[in-house]
Amino acid sequence: MNKIAAVIVAGGSGSRMGTKVKKQYLKLKGKEILTHTVERFSTIAQIEEIIVVTGEEDIEYVTTLLRDTYKIKKVKAVVAGGKERQDSCWNGISNVSEEIDYIMVHDGARPLISEAVINASIEKVKECRACIVAVPVKDTIKQADQEGKIINTPRRETLWAVQTPQVFEKGLLINAYQEAYEKALQVTDDSMIVEAFGEAVHIVQGEYTNIKITTPEDLLLAERLI
Ligand SMILES: Nc1ccn([C@@H]2O[C@H](COP(=O)(O)OP(=O)(O)OP(=O)(O)O)[C@@H](O)[C@H]2O)c(=O)n1
Ligand SMILES: C[C@](O)(CO)[C@H](O)COP(=O)(O)O
């Protein structure tokens with residue numbers, strides 16, 4: 001009753017990184033960012049299978065890299081991503097095995113995820129059906145209008161910076177995605193889809209080192225942390 005699939009989404013173009021090579025294939029300590037990320041999940045005992053989502057044009061390269069070069073046996077499939085992150089997530093989610101009970105969605109661009117946080121998110125989802133990794137916000141956050149005029153300052157103690165993995169009961173996530181597509185919902189993470197479906201989502205305290213490698217500065221940081 002506790003079979004878990006990890007869906008690692010790496011189908012983006014990495015435009016904010018501004019490199020010729022897509023950021024997920026840039027190397028940290030001689031190994032691709034995506035490989036680092038997938039390896040973090042392959043060592044977790046409760047994770048039965050890993051579905052990697054990547055650009056259609058990269059499927060053969062990524063399959064050879066993960067299965068042949070790095071011999072990561074848990075990689076069940078490498079599938080094509082979609083236009084938006086949510087489309088890539090759905091392509092991965094819809095490829096997990098029948099017997100899977102929980103689905104863990106993680107950004108391929110977050111290679112510094114720790115075993116401790118992955119395991120904590122697994123324990124949490126068994127209690128609450130839907131959970132996301134997040135860290136308390138350290139800066140004061142303000143909302144501004146189009147002209148840059150401050151319109152709201154949420155109380156910092158209520159704010160969390162959301163990361164991944166995000167973990168859900170399989171049936172809940174699939175039903176939520178199907179409804180989201182019917183409503184043409186546009187989101188930036190999976191929890192927004194499950195919240196819109198009406199299910200409570202809970203936070204698992206993450207680590208500030210679990211950064212998403214997005215711009216060149218993140219790469220400098222990741223090189224020191226990996
Ligand atoms: N259509 C997309 C867009 C994003 N992602 C993945 O979702 C994660 C988080 O997205 P982000 O950091 O924004 O990556 P990119 O979209 O590639 O970056 P950018 O927005 O700078 O182009 C990344 O691992 C990315 O590869 C994906 O699988 N499919
Ligand atoms: C899912 C996510 O990493 C949570 O913070 C984030 O929303 C991804 O956003 P991106 O623009 O697709 O990187």
Legend entry - Pair Tyr25 and Tyr61, ring centroids less than 6.0 Å apart: yes
If you count the non-hydrogen atoms of other residues, nucleotides and ligands that lie under 6.0 Å from [atom1] in [X], is the total more than 12?
X	atom1	answer
Lys83	NZ	no
Glu60	CD	no
Gln205	CD	yes
Glu99	CD	yes

State the [atom1]-[atom2] distance between [X] and [Y], to the nearest 0.5 angstrom.
X	Y	atom1	atom2	result
Thr69	Leu66	OG1	CG	8.0 Å
Gln166	Cys131	CD	SG	9.0 Å
Ile132	Glu195	CD1	CD	6.5 Å
Gln163	Thr209	CD	OG1	8.0 Å
Ser94	Gln178	OG	CD	9.5 Å

Inset, instruction - Step by step, work out the side-chain hydrogen bond (donor to acceptor under 3.5 Å, both in side chains) result for Thr215 and Glu217. - result: CA-CA 6 Å; Thr215 56; Glu217 302 80 5; 2.6 Å; yes
Legend entry - Residues Val194, Leu173; criterion side chain to side chain contact (heavy atoms under 4.5 Å, CB included); working and verdict: CA-CA 7 Å; Val194 174; Leu173 188 60; 3.8 Å; yes
Does [Y] offer a backbone N or O that forms a donor-acceptor pair with the side chain of [X] under 3.5 Å?
X	Y	answer
Gln86	Leu185	yes
Lys74	Ile44	yes
Arg67	Val75	yes
Ser114	Val117	yes
Lys29	Glu223	yes
Lys76	Asn95	yes
Ser88	Gly81	no
Asn210	Thr164	yes
Lys71	Asp68	yes
Asp139	Ile141	no

Would you name the heavy atoms of [X] and [Y] that are closest together and state the gap between them?
X	Y	result
Lys23	Ala109	CE-CB, 3.8 Å
Ala200	Ala130	O-CB, 3.7 Å
Val135	Gly206	CG1-C, 3.5 Å
Ala80	Asn91	O-ND2, 2.9 Å
Pro165	Ile113	CD-CD1, 3.6 Å
Leu28	Pro111	CD1-CG, 4.1 Å

Would you say that [X] contacts [Y] through its side chain, given a criterion of any heavy-atom pair below 4.5 Å between the two side chains?
X	Y	result
Trp90	Ile93	yes
Ile100	Ile4	no
Ile59	Val79	no
Ile72	Glu39	yes
Ile50	Val52	yes
Leu219	Ile33	yes
Glu123	Gln46	yes
Asp189	Val162	yes

Legend entry - Cluster link Ile211 to Val137, ILVMFWY, side chain under 4.5 Å: no
Legend entry - ILVMFWY network linking Val204 to Leu172, side-chain heavy atoms under 4.5 angstrom: no
Inset, instruction - Salt-bridge test for Arg85 and Asp107: reply yes if a basic N is under 4.0 Å from a carboxylate O, no otherwise. - result: yes
Legend entry - Test side chain to side chain contact (heavy atoms under 4.5 Å, CB included) applied to Lys22 and Asp58, step by step: CA-CA 10 Å; Lys22 289 178 191 169; Asp58 300 337; 2.6 Å; yes
Inset, instruction - Indicate the ring-plane relationship of His106 and Phe41, choosing parallel, tilted or perpendicular according to the 30° and 60° boundaries. - result: tilted
Legend entry - Between Thr153 and Lys142, a side-chain donor and acceptor under 3.5 Å: yes
Legend entry - Residue pair Glu48 / Tyr102, side-chain donor-acceptor N/O under 3.5 Å: no
Inset, instruction - Apply side chain to side chain contact (heavy atoms under 4.5 Å, CB included) to Ile103 and Phe168, showing your working. - result: CA-CA 5 Å; Ile103 298 177; Phe168 310 90; 5.6 Å; no
Legend entry - Ser97: which of Lys170, Glu49, Lys3 passes side-chain hydrogen bond (donor to acceptor under 3.5 Å, both in side chains): Glu49
Legend entry - Lys126 and Asn2: CA distance, side-chain angles, deciding distance, side chain to side chain contact (heavy atoms under 4.5 Å, CB included) verdict: CA-CA 8 Å; Lys126 292 174 189 170; Asn2 289 324; 3.7 Å; yes
